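As structure tokens, the structure follows; a few thoughts come after it.
Keep in mind that this is a model prediction, so the values were computed, not measured. Just follow the structure's listing: the first ligand is 1, and inside any ligand the first atom is 1. Residue numbers count from 1 along this sequence.
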Amino acid sequence: MSTLTPPFSDEHEQLRQSIRGFIDRELAPHAAQWEQEEWFPDEVFPKLAKQGLLGLKYPTAYGGQGGDYLHESVLCEEMARIGSGGTAAGIGAHTNIATPPIWKFGTAEQKQRYLVPSIAGELIGALGITEPGAGSDVAALSTRAERVDGGWVLNGEKTYITNGVRAHFIVTAVKTTAEGGHHGISFLIVDRGDGVTSSKLQKLGWHASDTATIAFEDVFVPEENLLGELNEGFKLIMANFQWERLAMSLGAVGAMTLAWERTAEFARERQAFGRPLSGHQTIRHKLAEMATSVYTCRCVTYDALRRFVAGEEPLKEVSMAKLLTQRACYELMDECLQIHGGAGYMREYWVERAARDARLGPIGGGTDEIMREILGRVLAL
Ligand SMILES: Cc1cc2nc3c(=O)[nH]c(=O)nc-3n(C[C@H](O)[C@H](O)[C@H](O)COP(=O)(O)OP(=O)(O)OC[C@H]3O[C@@H](n4cnc5c(N)ncnc54)[C@H](O)[C@@H]3O)c2cc1C
């Protein structure tokens, strides 16, 4: 299926081929082992950095490639080819949610201290928003930063944080007023150190990633680590969500495309009742429906991306893309698994992992229900 569709050009297609080659050589061959070990090595980050893949959208002044969100989009789509949702998630958490707020809202000094080494693969970042008592209802978070001489003292707990064990720094949402809420949340860049402890969680999919609970106990954070404006962190959360949701939509489009191609190939080869599976009308029609779903998801996502890159604030289109693609990806993976029959249930087949990994989409980065709530507001319902 061609990906050479606006907004992508020949230049992006060349980047796509180069990323694909790198993933096929350096990452995909290790996917099964990393999933089994429930960890991918930190060395993946400097490897990606050497290829320029941790700074595609960042200015050259910070060691980036001087590209834009379209270049980054190519990486988002291609990461499905790693064959490990967990590895893609760990890389994506660093490039798509932890470092962008530093780039957009950080001081010159914060960019030198965190963004430059992040692009170089020397530091790994995480974004810490979710808490045991505050997920969809972000404004209810209770991790508290108390003012002290020269900075803040932090107490509280974050959960389900991607890169939560390995991250050197956590871009953390905290309450900086007693009430918290929309005008009482700020962001602090918290270095791993005294008082910061992580514990890895076991999960259905994304096995290679370290999703963790992070506890902060009397953690001192210096004044200069306040990211963005005091008490205006809620705006930062909302700004960050748009790219995160687009990146997830692009990831789903990449994963669906690959899964469809592989499943169609399987259906052409696998024989049942004297002919290939694709020779049975039910399977052929199922594959035709699935190709339509891939195409629809691609069109809706690319439309939201075009608007985002053009500088619009496409809250409606991004929310629709996130809602549509994550559920469609999960459903498509289940169909792919079904077409593989018993093989689809076996660890040795890619589809078993892909189906588990896809379940996160309708939950992470804002659930399906929250997307519908946002759309309800945007559509004045
Ligand atoms: C593998 C993984 C990785 C993650 N990585 C990160 C990360 O790196 N950083 C981070 O900060 N967070 C991360 N998250 C957290 C993720 O963003 C949250 O899990 C998600 O936002 C949902 O929050 P919750 O789990 O607290 O569910 P809840 O908010 O408790 O929701 C439970 C259910 O109720 C529904 N619901 C809630 N409110 C409403 C409503 N108003 N109307 C209708 N239905 C509603 C939800 O849709 C959901 O179905 C990760 C989660 C997972 C599973």
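In this structure, atom 32 (C) of ligand 1 has no protein heavy-atom contact shorter than 4.0 Å. For atom 35 (C) of ligand 1, the protein comes within 4.0 Å by no heavy atom at all.
The nearest heavy-atom contact from the protein to atom 24 (P) of ligand 1 is Gly135 CA, 3.9 Å. Nearest non-hydrogen protein atom to atom 40 (C) of ligand 1 is Ile370 CD1, 4.3 Å. Nearest non-hydrogen protein atom to atom 9 (N) of ligand 1 is Leu127 O, 2.9 Å. Among all non-hydrogen protein atoms, the one lying nearest atom 42 (N) of ligand 1 is Glu373 CG, 4.3 Å.
Asp68 and Tyr58 are not linked by any side-chain donor-acceptor pair at a separation below 3.5 angstrom, with hydrogens and angles left out of the test. For Lys203 and Thr211, the side-chain atoms include at least one donor-acceptor pair closer than 3.5 Å. For Ser319 and Arg372, the side-chain atoms include no donor-acceptor pair closer than 3.5 Å. If you check the side chains of Thr176 and Ser186, you find a donor sitting under 3.5 Å from an acceptor. Under 3.5 Å, the side chains of Ser118 and Thr99 contain no donor-acceptor pair of N or O atoms.
Looking at Tyr160 next to ligand 1, an N or O pair under 3.5 Å apart turns up. Considering backbone and side-chain atoms alike, Thr162 places an N or O below 3.5 Å from some N or O of ligand 1. Ligand 1 has no nitrogen or oxygen under 3.5 angstrom from a nitrogen or oxygen of Ile161.
When the options Ser136, Ser209, Ala212, Ala173 are ranked by their closest heavy atom to atom 37 (C) of ligand 1, first place goes to Ser136. With atom 53 (C) of ligand 1 as the reference point, the heavy atom nearest to it among Leu360, Ile363, Val138 is part of Leu360. Around atom 11 (O) of ligand 1, the closest heavy atom drawn from Thr130, Asn96, Leu201 belongs to Thr130.
Atoms of ligand 1 found under 4.0 Å from any heavy atom of Glu369, numbered from 1 in the order shown, are 43 (C), 44 (N), 46 (C), 47 (O), 49 (O). Distances below 4.0 Å separate heavy atoms of Thr367 from the following atoms of ligand 1: 22 (C), 46 (C), 47 (O).
The residues Arg268 and Glu265 are annotated as not salt-bridged, no charged nitrogen and carboxylate oxygen being separated by less than 4.0 angstrom. Ion pairing between a basic and an acidic side chain is recognised when a charged N comes within 4.0 Å of a carboxylate O; Lys286 and Glu289 show no such pairing.
Both tests pass for Arg245 against the ring of Phe241: distance under 6.0 Å to the centre and angle within 45° of the axis. With a 6.0 Å cutoff to the six-membered ring centre and a 45° limit on the axis angle, Arg166 counts as a cation-pi contact of Phe40.
In this structure, Gly365 is part of the shell of residues with a heavy atom less than 4.0 angstrom from ligand 1.
Below 30°, between 30° and 60°, or above 60°: for Phe8 and His12 the angle between ring planes is above 60°, a perpendicular geometry.
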